[in-house]
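Data block below; observations after.
When a residue number appears, it is its place in the shown sequence, counting from 1. Given the structure is predicted, the values throughout are model-derived calculations rather than measurements.
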Amino acid sequence: MSAQSTETTIVRGACPQDCPDTCAFLYHVKDGKLIEVTGDPDHPMTKGGLCVKLKNFADHHYHPDRLLHPLKRVGPKGSGQFARVSWDEALETIRSEWSKIVREYGPEAIMPHAYLGHQGTINGLTSGDAFFNRLGSTIAEKTYCESGSSTAWLMTVGPTGGLDVESLAHAKYIIVWGMNMVNTNLHAWPFILEARSKGAKVVVIDPVRSKTAKQADWHIAIRPGTDGALALGMMNVMMCEEDLIDHDYVEQYTLGYEELKARAAEFPPERVEKITGIPADDIRSLAREYATTQPSAIRQGVALERSPGGGDAIRLITMLPALTGAWRYVGGGTVEMPIWEFPFNFDFMCRPDWIRPGARVVNELDLGAALTGEMGLLPPIQSLFVYNSNPVSQAPDATKIEKGLLRDDLFMVVSELFITDTAKYADIILPAAMQGEVIDLMVTWGHLYASLNQPAIPPPGECVSNSELFRRLARTMGFNEPHFALTDEEMLIGSYHWDASQFEGITLERLKELGWMRLNVGLPHERAPHAEGNFRTPSGKCEFKSSLAASGNFVAEVWRSGYTSMQPGNFVDPVPTFIPPGESRQDSPDQATRFPLNLLSSKAHAFLNSQYGNEPLQQKRQGEQVIVINPADATSRGISAGSYVKVFNDRGEFEAKAQLSEDVTAGLIMTNVGHWPGHNRRGSAVNATTAPRHCNLGNAGVFSDNLVEICAI
């Protein structure tokens with residue numbers, strides 16, 4: 001063996017996970033094997049750090065249970081019994097079954113189901129859109145998270161990245177609203193700590209005393225689903241009681257001030273106290289401090305959308321910086337998802353020109369009802385193709401989904417890394433490549449760097465990337481359009497407007513050399529994107545009264561394969577208001593007599609959604625499924641610390657170990673999402689209890705709107 005062959009080679013990459021941080025990777029390869037994955041210490045945002053989920057990412061590629069070859073079901077549905085077949089046989093089976101379905105029912109009887117199991121441009125959310133649009137399948141609305149936030153953000157400030165999280169270091173007052181950053185936005189937290197070292201105050205608004213809340217200067221424990229009322233209460237103080245408004249900024253750069261003021265007048269702090277559980281004096285103090293300490297910043301979390309009124313809550317929170325003029329300053333404003341600064345070419349990625357007029361749309365969160373016939377779909381869903389997703393673990397009303405997947409007449413195909421709780425129902429399983437084996441430009445929704453992932457090793461066995469998967473499926477189905485003959489690099493070139501100002505100086509070749517490059521949108525110490533307005537709304541202003549509301553509720557095109565027609569269209573008040581929770585002790589007392597506890601399901605520390613939930617080391621780090629209960633609620637039910645309990649409502653149930661803590665208030669319990677039901681007690685997990693209802697905007701889910709009861713077992 002030559003000395004050269006024993007040297008370690010470094011290949012640049014980036015994390016594939018559905019996380020705002022998108023860490024820059026360094027792959028370490030020796031003798032053709034991936035031996036280690038470390039963070040790139042030169043990246044200004046992630047600075048070489050990796051979260052606990054990635055501590056053994058190299059070993060992840062060699063997991064003994066990894067799928068390496070196509071499989072075909074040989075046992076009953078859901079039994080997990082499969083036999084190896086060739087790619088030719090797997091593809092021929094798919095072609096034959098789909099052709100029969102199309103002849104009998106039409107192509108809309110086929111439905112894809114995907115989300116962000118991979119966050120790449122050509123392997124992620126939209127990777128199958130062009131294929132399924134060409135096929136003519138049902139359009140799947142992918143609204144697991146961010147869709148409600150996206151609609152609310154676009155209605156208020158337009159497709160702008162807003163505040164740079166790195167600019168948080170320059171803020172003097174910071175509100176982290178509905179986000180446990182220490183767990184889910186780890187690499188942005190140091191910028192907040194830097195600001196605090198210079199005197200900034202950090203406030204966390206969260207129903208739970210999370211890890212982030214424990215590090216804050218002030219934790220405000222709000223009742224779940226009442227964030228819109230708190231924002232209106234702050235506005236009442238600022239607009240009606242004390243005139244803490246930057247009137248010059250409002251006059252020049254906003255639309256609908258008087259209408260918003262009239263709405264805020266309906267929510268004095270005393271009324272808001274009854275809704276939110278936050279003392280009126282605290283609401284006044286928060287409003288004063290936020291309005292008078294500039295620059296002030298708000299970091300919004302996805303959790304805000306997970307209630308019936310979540311969309312309007314986000315609209316209201318997004319309006320606050322315009323009322324105070326916080327946008328004037330570096331470090332001032334708000335950030336939800338800066339993805340809008342990236343110059344995507346969605347028409348190329350999704351090929352909406354192939355969508356047939358009037359094509360049917362089915363929301364992925366309604367999968368259980370769609371499969372069991374409750375929606376009365378004509379034609380019914382006869383085939384389901386799942387990739388980048390694990391709905392049995394992650395979707396609401398999981399019990400009903402499993403019932404639908406047991407249908408003998410449902411032909412199901414899953415592309416996966418492992419036999420998940422969803423994949424065990426498949427008729428055909430196709431083996432997917434992992435991140436260290438593919439090229440992709442990573443979609444980044446938490447910072448302003450373009451990050452290229454380059455393959456460090458070839459895919460093992462017969463695994464293929466999603467881009468190759470859909471090329472093979474296109475050939476199998478006889479699609480001869482040039483789009484399906486493009487190479488991965490040609491697809492990356494087509495997926496962005498490389499001549500856009502944000503990409504000035506950025507090329508694929510330079511990204512291959514450097515790994516990552518910052519967008520040309522201003523540096524963190526100088527970026528103030530809306531100091532002089534320049535909002536990307538129809539009016540060019542921050543819209544307190546939305547002009548887009550006239551067309552009703554909508555889902556942004558990225559979440560529905562580029563399709564802009566057949567939108568939900570239900571009424572949206574041009575001026576946002578507080579929409580109460582659907583399930584709470586305050587708003588649904590009859591239901592609360594049976595199910596008196598509000599269950600929140602937060603992100604796990606060692607899993608990323610359901611990814612890594614089958615990894616022994618990550619299972620050890622995370623521990624088994626627990627339910628965090630206030631001691632008062634535990635005592636009244638005869639539950640002791642460490643005992644097992646059943647959590648249940650009319651939708652389903654799961655079991656967990658009781659953990660007693662004052663981190664949750666009485667009436668509130670908390671668990672984490674991501675445990676695989678098949679690895680849990682009784683084969684069930686938290687989403688057996690969650691409701692398949694939707695937020696008022698963007699058809700987002702309402703995972704936090706969930707009343708349950710618990711009992712000792």
Side-chain angles (χ1 to χ4, degrees), residues 141 143-145 147-149 151-152 178 206-208 222-232 267 271-272 274-277 301-317 363-369 374-375 394-401 552-553 555 568 570-573 576-602 647-653 664-665 667-671 673 686-710:
E141 245 175 16
T143 64
Y144 273 91
C145 69
S147 177
S149 305
T151 300
D206 194 313
V208 176
I222 190 171
R223 286 180 183 143
T226 65
D227 304 273
L230 176 57
L232 283 164
F267 291 87
R271 180 189 176 192
V272 174
K274 294 177 182 177
I275 297 170
T276 64
V302 177
L304 289 166
E305 73 176 23
R306 295 181 173 176
S307 60
D312 270 16
I314 293 164
R315 290 172 69 192
L316 290 161
I317 293 165
N363 190 277
E364 291 188 344
L365 303 183
D366 298 328
L367 183 62
E374 287 185 20
M375 294 181 69
Q394 298 303 112
D397 213 5
T399 304
K400 189 177 295 180
I401 291 174
N553 184 22
V555 177
N570 48 289
F571 173 75
V572 175
D573 195 322
T577 189
F578 167 62
I579 299 170
E583 296 187 16
S584 73
R585 293 192 295 178
Q586 290 72 34
D587 298 285
S588 41
D590 291 341
Q591 185 179 9
T593 59
R594 299 174 58 215
F595 308 114
L597 300 173
N598 194 156
L599 172 61
L600 297 182
S601 49
S602 63
V647 184
F648 62 96
N649 58 21
D650 287 336
R651 291 180 286 268
E653 62 184 50
V664 294
T665 56
L668 181 67
I669 61 176
M670 180 182 69
T671 190
V673 70
V686 60
N687 278 321
T689 67
T690 52
R693 291 176 280 106
H694 297 282
C695 164
N696 71 305
L697 292 180
N699 277 355
V702 293
F703 293 90
S704 298
D705 199 52
N706 186 16
L707 282 179
V708 300
E709 179 58 292
I710 57 175

Just say parallel, tilted or perpendicular for the rings of Phe703 and Tyr144, cut-offs at 30° and 60°. parallel
Is there a donor-acceptor pair under 3.5 Å between the side chain of Asn687 and the backbone N or O of Gln394? yes
Which heavy atom of Asp366 sits nearest a heavy atom of Pro692, and at what distance? OD1-O, 3.3 Å
Any donor-acceptor pair under 3.5 Å linking the side chain of Arg585 with the backbone of Asn598? no
Residues Leu316 and Gly228: closest non-hydrogen pair is CD1-O, 3.6 Å
Between Glu709 and Pro596, is any pair of side-chain heavy atoms under 4.5 Å apart? yes
side-chain hydrogen bond (donor to acceptor under 3.5 Å, both in side chains) partner of Glu305, chosen from Ser147, Ser704, Ser149: Ser149
I would like to know whether Asp650 and Arg594 meet side-chain contact (heavy atoms from CB on, under 4.5 Å); could you show each step before the answer? CA-CA 10 Å; Asp650 287 336; Arg594 299 174 58 215; 2.8 Å; yes
Of the non-hydrogen atoms in Met670 and Val664, which two are nearest, and what is the gap between them? CB-CG1, 4.1 Å
Correct closest heavy-atom pair for Arg693 and Pro308 would be NH1-CG, 4.3 Å
From CG (Asp227) to CD1 (Ile275), nearest 0.5 Å: 12.0 Å
Judged by atom type as modelled, is there a donor-acceptor pair below 3.5 Å linking the side chain of Asp705 to the main-chain atoms of Glu583? yes
With heavy-atom distances below 4.5 Å as the criterion, would you say the side chains of Arg223 and Pro581 are in contact? no
Under 3.5 Å, is there a donor-acceptor pair between the side chain of Thr151 and the main chain of Gly148? no
Trace of the side-chain contact (heavy atoms from CB on, under 4.5 Å) decision for Thr671 with Leu599: CA-CA 8 Å; Thr671 190; Leu599 172 61; 4.0 Å; yes
Verify, without hydrogens or angle tests, whether Ser584 (side chain) and Asp587 (backbone) share a donor-acceptor contact under 3.5 angstrom. yes
Would you say the side-chain atoms of Asn570 pair up with the backbone N or O of Asn553, donor to acceptor, closer than 3.5 Å? no
Contact summary for Pro396 and Ile401, nearest pair of heavy atoms: O-CD1, 3.6 Å
Is it true that Thr143 and Asn363 share a donor-acceptor pair across their side chains at a distance under 3.5 Å? yes
Nearest 0.5 Å, what's the CD1-CG distance between Ile579 and Asn696? 3.5 Å
What heavy-atom pair brings Gly311 and Ala152 nearest, and what distance separates the two atoms? O-CB, 3.3 Å
I'd like to know whether Thr689 forms a side chain to side chain donor-acceptor pair (under 3.5 Å) with Asn706, so could you lay out the CA-CA distance, the side-chain angles of the two residues, the decisive distance to 0.1 Å, and finally the verdict. CA-CA 7 Å; Thr689 67; Asn706 186 16; 3.0 Å; yes
Evaluate Leu707 against Asn649 for side-chain contact (heavy atoms from CB on, under 4.5 Å), listing each step before the verdict. CA-CA 7 Å; Leu707 282 179; Asn649 58 21; over 6 Å; no
